[in-house]
Enquirer: 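One structure, pasted below without further comment.
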Amino acid sequence: MGRRAGQRRRGGRETVSARVGGGLARLVPEPDRPRGWTLTLDDAPQSCVDLDDPTYLGFSYQRRLGHALDVALAAAPGRPVRAVHLGGGACTLARYVAAARPRSTQQVIEVDTELTAFVREWLPWDAGWRIRVRGADARAGLARIPDGWADVVIADVFSGARTPAHLGTTEFQAEVRRVLAPDGLYAANVTDGASLAYLRGQLATALAVFAEVCVTADPAVLRGSRFGNAVLLAADRPLPVAELTRRAAGDPHPGRLQHGRELADFTGGARPVTDADARPSPSPPPDVFSGR
């Protein structure tokens with residue numbers, strides 16, 4: 001299915017490309033990893049995968065999600081869990097869970113079945129991993145999962161470079177909460193910049209649905225100085241804020257965590273988002289991906 005793109009060599013390997021439902025998908029070789037690849041969609045970076053090391057998380061926001069998968073789940077580190085991934089891409093985090101928590105059972109819901117086929121062809125995962133990919137809209141696929149089935153639900157869904165409006169509302173998050181076990185965790189990748197109105201709305205939405213919420217991001221993103229990713233975590237139990245703060249600070253791209261009163265002050269007067277007034281996440285500036 002995938003076709004090679006001529007004259008796009010790096011380190012002896014060629015960039016691989018294919019037209020998929022969401023646009024032009026490319027797998028670009030990672031220069032420092034012999035079997036590492038970056039998946040882009042219409043030139044927007046989506047995922048990094050190292051076929052020799054499924055625990056490799058090349059993007060800072062994915063490492064922040066990895067921190068949550070390591071220390072913020074009810075199950076002890078290394079123990080298997082049941083995970084739902086809304087948005088598949090190259091299934092980077094599903095690979096991470098399979099390696100870090102062997103025998104985990106995972107469902108990936110990815111609307112772009114052509115992208116899934118492209119990834120399966122060029123970046124296959126271990127046949128013994130319990131990863132099932134369903135071709136469906138994230139919210140529609142979530143509705144098919146039984147009550148209390150998941151230990152963690154991870155939302156990392158983009159149409160182009162924007163998260164669809166119906167995946168950022170109280171109704172959607174209530175559906176996530178239904179699917180989670182009582183001690184389960186919701187984790188979401190949220191993008192925003194400048195006014196931070198979208199991020200504040202997502203935090204207000206989570207605070208309306210869950211008992212505990214925190215957010216981690218590059219300090220420049222939290223100041224609105226640049227467009228970027230923030231990782232939202234929510235649960236109906238205390239979150240390991242101190243350990244998450246330590247891990248964020250020690251990352252190669254250090255992050256800042258906000259929780260409690262600081263989070264309430266950051267969210268300000270933002271109101272929870274409902275299906276009736278939802279909007280997609282903002283588009284990134286034209287040059288935001290030019291450095292990669």
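Note that the structure is a prediction, hence the values are computed from the model and not measured.
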Enquirer: Starting at OG1 of T267, measure out to CG of L263 and round the result to the nearest 0.5 Å.
Expert: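 Taking OG1 in T267 and CG in L263, the distance rounds to 4.0 Å.
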Enquirer: Kindly compute the distance separating CG (D50) from CH2 (W37), expressed to the nearest 0.5 Å.
Expert: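 Atom-to-atom, D50:CG and W37:CH2 are 11.5 Å apart.
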Enquirer: Between D151 and R79, is there a salt bridge with N-O shorter than 4.0 Å?
Expert: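 No, R79 and D151 are not salt-bridged.
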Enquirer: Any side-chain donor paired with an acceptor under 3.5 Å for H67 and E243?
Expert: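 On atom types as modelled, these side chains do not qualify, holding no pair under 3.5 Å.
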Enquirer: For the hydrophobic clusters of this structure (ILVMFWY residues joined by side-chain heavy atoms under 4.5 Å, transitively), does one cluster hold both V81 and L185?
Expert: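 Yes, one cluster joins them.
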Enquirer: Show your working on side chain to side chain contact (heavy atoms under 4.5 Å, CB included) between S60 and D251 and close with a plain yes or no.
Expert: CA-CA 8 Å; S60 59; D251 190 79; 4.2 Å; yes
Enquirer: For residues 86-104, which residue pairs pass the side chain to side chain donor-acceptor pair (under 3.5 Å) check, not counting sequence neighbours?
Expert: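 Matches after skipping sequence neighbours: D70-Y96.
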Enquirer: Between F59 and V157, is there shared hydrophobic-cluster membership here, with clusters defined by ILVMFWY side-chain heavy atoms closer than 4.5 Å?
Expert: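 The answer is no; the residues belong to distinct hydrophobic clusters.
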Enquirer: To the nearest 0.5 Å, how far apart are CD in Q202 and OG1 in T191?
Expert: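 So the gap between those two atoms works out to 9.5 Å.
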Enquirer: How long is the span from the CZ atom in R162 to the CZ atom in R279, to the nearest 0.5 Å?
Expert: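 It is 10.5 Å, given to the nearest 0.5 Å.
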Enquirer: What are the two closest non-hydrogen atoms of A278 and T169, and how far apart are they?
Expert: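 Between these two residues, the closest heavy atoms are CB-CG2, 3.5 Å.
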Enquirer: List the steps, then state whether side-chain hydrogen bond (donor to acceptor under 3.5 Å, both in side chains) holds for H85 with E110.
Expert: CA-CA 8 Å; H85 303 262; E110 169 58 60; over 6 Å; no
Enquirer: Please say yes or no: joined through hydrophobic side-chain contacts below 4.5 Å, possibly via intermediate residues, are L257 and F266 part of one cluster?
Expert: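 Unlinked, L257 and F266 end up in two clusters.
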Enquirer: So does D265 pair up with R261, basic N to acidic O under 4.0 Å?
Expert: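 Looking at R261 together with D265, the answer is yes, because their closest N to O distance falls below 4.0 Å.
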Enquirer: When you measure from the side chain of R63 to the backbone N and O of L57, does any donor-acceptor pair fall under 3.5 Å?
Expert: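 Between the backbone of L57 and the side chain of R63 there is a qualifying donor-acceptor contact (under 3.5 Å).
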Enquirer: Specify whether Y186 and F210 have parallel, tilted or perpendicular ring planes, treating 30° as the upper limit for parallel and 60° as the lower limit for perpendicular.
Expert: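 Because their plane-to-plane angle is under 30°, the rings of Y186 and F210 count as parallel.
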Enquirer: Please confirm whether the backbone N or O of P182 pairs with a side-chain atom of R237, one donor and one acceptor, at under 3.5 Å?
Expert: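 Such a contact is absent between R237 side chain and P182 backbone.
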Enquirer: Do R271 and D277 meet the salt-bridge criterion of a basic N to acidic O distance under 4.0 Å?
Expert: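 No, this pair does not count.
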Enquirer: Excluding sequence neighbours, so at least two apart, what forms side chain to side chain contact (heavy atoms under 4.5 Å, CB included) with E262?
Expert: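 Partners of E262 under the side chain to side chain contact (heavy atoms under 4.5 Å, CB included) test: R256, Q258.
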Enquirer: Is the backbone of L39 close enough, under 3.5 Å, to the side chain of S47 for a donor and an acceptor to pair up by distance?
Expert: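 No, because the side chain of S47 does not come within donor-acceptor range (under 3.5 Å) of the backbone of L39.
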Enquirer: Checking the side chain of D112 only, and the main-chain atoms of G22 only, is there a donor and an acceptor separated by less than 3.5 Å?
Expert: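 Judged by distance alone, yes, a pair lies under 3.5 Å.
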Enquirer: Just by modelled atom types, is the G21 backbone N or O under 3.5 Å from a matching donor or acceptor in the E114 side chain?
Expert: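 The answer is yes, because a donor-acceptor pair under 3.5 Å joins these two groups.
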Enquirer: Are the side chain of Q173 and the backbone of V209 linked by a donor-acceptor contact shorter than 3.5 Å?
Expert: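 Looks like no, no N/O pair under 3.5 Å.
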Enquirer: Determine whether a donor-acceptor pair (N or O, by modelled atom type, separation under 3.5 Å) exists between the side chain of R64 and the backbone of V215.
Expert: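 It does not hold such a pair.
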Enquirer: State, with a plain yes or no, whether a side-chain heavy atom of L123 is found less than 4.5 Å away from one of L51.
Expert: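 Contact flag for L123/L51 side chains = yes.
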Enquirer: Identify whether the distance between the nearest side-chain nitrogen and carboxylate oxygen of D192 and R200 falls below 4.0 Å.
Expert: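 No, this pair does not count.
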Enquirer: Indicate, with yes or no, if F227 and L222 share a hydrophobic cluster defined by side-chain heavy-atom contacts under 4.5 Å among Ile, Leu, Val, Met, Phe, Trp and Tyr.
Expert: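 In one cluster: no.
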Enquirer: Under 3.5 Å, is there a donor-acceptor pair between the side chain of Q106 and the main chain of A94?
Expert: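 Present.
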Enquirer: Does the D42 side chain pair with the main chain of L24, one donor and one acceptor, at a distance under 3.5 Å?
Expert: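 Yes; judged by distance alone, with no hydrogens or angles, the pair exists.
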Enquirer: If Ile, Leu, Val, Met, Phe, Trp and Tyr residues are connected whenever their side-chain heavy atoms lie under 4.5 Å apart, and connections chain through other members, are Y61 and L232 in the same group?
Expert: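 Y61 and L232: separate clusters.
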Enquirer: Does R35 come within less than 4.0 Å of D52, counting only side-chain N to carboxylate O?
Expert: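 Result for this pair is yes, salt bridge flagged.
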